[in-house]
Amino acid sequence: MFGEYELKTQFIKVGDKKIHLLEEKEGVIRYRRDDVEKLIKNNGEKLKVLPSPALGYGVRLLMVRFREPVVIPPRDSIMGFVEAPVEIDVKVGDLSVDHFIVGKEKYALYGTLEAGVVCRYHVSSFYTKEPDAMGIAKLIISNPSPEWKSLERIVVPIRGTSMYYESRKAYYPLVVVTLKNHNPEINNTGRPPKEGLSGVGQGLSLPNFLMRW
Amino acid sequence: MSTVNTTSLWEQGILGERVFLALTLGAVVKAVLVLVVGVIMAKLLRKYLLNFSRSTKYVWIVNEDTASTLYNLIVVIALVYAFDALGVLSIPVAGTKLSNLIAAFLVFYFSYIFAKKSKDYIIMRSSKQKLPEVQLKAKLFYYTIVTLAFFLALNIAGFSGKLSTLLAAAGITGIVLGFASQTVVSNFISGIFMYFDKPLKIGDPVEVAGYSGIVHDIRIFSTRIRTWDGLLVRIPNEKLFNSDIKNLQKYPARRVDIIVGIAYKEDAQRAIDVIKKTLEEMPYVLAEPEPAVFVDNLGDNSVNIAVRAWAPTEKWFDVRTQIVQKVKEALDREGIEIPFPQRVNWFAEELRVKVEKD
């Protein structure tokens, strides 16, 4: 699914979408996906199918609501995974030839009606082992406070984030959630969640995000 | 900011040649150098702060905003020093020196930034229960700092002694202008108030003074609106200021309200479930706040179900146009009848029907 493909006649299945490459005369390849159609001149370069953060129509945050809230003891932490939506970027060289959304697209308002922000929305269980999903985010939830804390959702900044992938799965960078005072603090570290993954982007962390609401 | 000790250095040899009036080449070179060094320092500091913001726990103060503010501060200071090198700052303006005016502006601007950031921080740190009270206190704090900074800036600018004179002059000028061009001044003043009030900005979809459209331009005397059917409407700022303004895109989310009527024989709960499922499948119907679907009233011909769904403001029109069609299609698929209006007529006298045979 993710990776590089030769520009020759073939089908590439990406989630619930199909990319169709069709060789035509003079080394020209017809690229087809749903209603999108492009002609690509083949010069030996490969077509790259890469994961991209789920920005949808142009949001900058991803909200993942846990099916079951996670409760953390004082001065303790837990590591786990959530399913997360991803989008697909199809590139030749550095040029993006197609961008599309796979799976369910949904949004939610984070914050108040007057001062909130619309973000991408997903509901997921909190898994202690890596789930079998196309998009995954690894979390470390830490509670340095002297009180028990409960967490029912996270809001992660994703605009400009790096992404990581292996053949069948896409990963957001490691996300560290620190529960202190009133507001959880979210750190998209930019680091790969595990070894052996290919990366898209510079691997830089994003500015910390304070969940005010 | 004095250049007494360095003047001789910058005016030796070729640097001492005059390029324009009393301006020497040395002064120009010095000004450019100061500006370039200032910009480089500003960029380095911004880069450092942005990197630091990724690891610090003090995100509320070390963030992109602060980095940009400090960047602007350093660039402005470099500009002031550059002007100083050119000898421009000693120019008298309105009975005071230009340097005093710039210093006053800087004091006011950065006090304003400080007050704004402090206000945001106070609000951010408060718990939900105390939020309204804390918001009020934070705003009071903000306005106090800004007012003090204003008077301090006036003092630095050297206007404090002349304030009463200025006010009196402004009053007299106001009366003269008021009689001479009441409407123009009124529009101008309204424009200034509108700037601070910010009920709308360019690009906002609005309904105002009986017109509906996109704000195309905001000028000193008037505001221009492009109506939905492509007409230009020029509204004087005074009229705009006194009108009820409905800004359709001020908040991040907007609600779509529709009423769906189903036949009395249908199961209302089943219809509600079908509508909820349809909304769930529409990407731009927000999951939070959750859509509300309920029996609103028992109408003349149908059981009326109210659908209230929130959408991102910029997608409101798309959702509004799709939601009715999708709900209709879903109810059709499930075999739930949307009835025509029905009427039972009673006649005072018995109707007689005459049947003719061929």
Side-chain angles (χ1 to χ4, degrees), chain A residues 54 56-61 63-65 85 101 103-123 142 144 152-153 155 157 159-162 173 176 178 180-191 202-213, chain B residues 46-47 49-68 119-132 134-135 247 249-255 279-291 308-316 318-319:
Chain A
Y57 73 91
V59 297
R60 60 187 180 87
L61 300 171
M63 181 197 294
V64 179
R65 182 169 281 286
I101 292 169
K104 188 170 177 178
E105 184 187 7
K106 202 71 184 163
Y107 300 88
L109 178 70
Y110 171 63
T112 63
L113 283 168
E114 296 82 20
V117 58
V118 173
C119 52
R120 192 71 186 266
Y121 179 80
H122 195 78
V123 179
S142 131
E152 53 197 32
R153 61 179 179 168
V155 178
R159 186 186 288 169
T161 184
S162 310
V176 177
T178 312
K180 54 183 176 185
N181 304 328
H182 304 296
N183 310 310
E185 192 173 298
I186 309 281
N187 179 13
N188 178 343
T189 62
R191 297 201 306 268
Q202 293 182 313
L204 293 175
S205 69
L206 297 181
N208 288 1
F209 180 77
L210 212 56
M211 283 177 63
R212 288 172 60 190
W213 291 292
Chain B
R46 183 168 64 178
K47 195 174 174 189
L49 283 177
L50 282 176
N51 283 335
F52 188 44
S53 74
R54 296 184 178 111
S55 56
T56 181
K57 53 183 180 178
Y58 302 107
V59 203
W60 67 274
I61 185 72
V62 185
N63 54 33
E64 284 169 288
D65 275 354
T66 311
S68 303
K119 182 189 78 173
D120 291 346
Y121 178 61
I122 293 169
I123 292 173
M124 191 182 78
R125 295 283 294 177
S126 82
S127 60
K128 277 180 195 167
Q129 294 82 7
K130 291 183 179 173
L131 192 61
V134 171
Q135 270 180 334
N247 191 326
Q249 204 169 300
K250 188 73 176 172
Y251 298 131
R254 203 178 152 195
R255 203 175 70 185
L279 298 179
E280 164 70 18
E281 285 163 3
M282 292 178 71
Y284 295 129
V285 169
L286 296 180
E288 295 176 17
E290 202 177 345
R308 291 179 185 166
W310 290 89
T313 304
E314 54 270 58
K315 297 287 177 191
W316 181 88
D318 295 343
V319 172

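What you see is a predicted model, and the numbers here were worked out from it, not measured in a lab. What's counted below: heavy atoms across the whole structure, side chains too, no hydrogens, waters or symmetry copies. Each chain gets a letter, A, B and so on, in the order its sequence line appears, and its residues count up from 1.
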Going by heavy atoms in the side chains, are [X] and [Y] under 4.5 Å from each other?
X	Y	result
A:Tyr107	B:Val285	no
A:Lys106	B:Tyr284	no
B:Pro283	A:Tyr57	no
A:Leu109	B:Pro252	yes

Is A:Lys104 salt-bridged to B:Glu281, going by a charged N under 4.0 Å from an acidic O?
->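 Salt bridge absent between A:Lys104 and B:Glu281.
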
With sequence neighbours excluded, what pairs up with B:Ala311 under the side-chain contact (heavy atoms from CB on, under 4.5 Å) test?
->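 Result, side-chain contact (heavy atoms from CB on, under 4.5 Å) vs B:Ala311: B:Val319.
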
Rounded distance [0.5 Å steps], CG in A:Leu204 versus CG in B:Leu50 |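 So the CG of A:Leu204 and the CG of B:Leu50 are separated by 11.0 Å.
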
Atom pair CG (A:Leu113) and CH2 (B:Trp310), whose distance is rounded to the nearest 0.5 Å |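 A:Leu113 atom CG to B:Trp310 atom CH2 measures 4.5 Å (nearest 0.5 Å).
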
Tell me, yes or no, whether the heavy-atom count around A:Arg60 atom CZ, taken from other residues, nucleotides or ligands under 6.0 Å, exceeds 12.
->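 Incorrect, the count does not exceed 12.
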
So which of B:Arg254, B:Glu288, B:Glu280, B:Lys315 has the largest heavy-atom pair count under 4.5 angstrom toward chain A?
->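 The option with the most such pairs is B:Glu288.
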
Do side-chain atoms of B:Lys250 reach the backbone of A:Glu114 as a donor and acceptor pair under 3.5 angstrom?
->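 Such a contact is absent between B:Lys250 side chain and A:Glu114 backbone.
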
Tell me, for A:Leu206 versus chain B, whether the close heavy atoms (under 4.5 Å) come from the side chain, the backbone, both or neither.
->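 Looking at A:Leu206, just its backbone touches chain B.
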
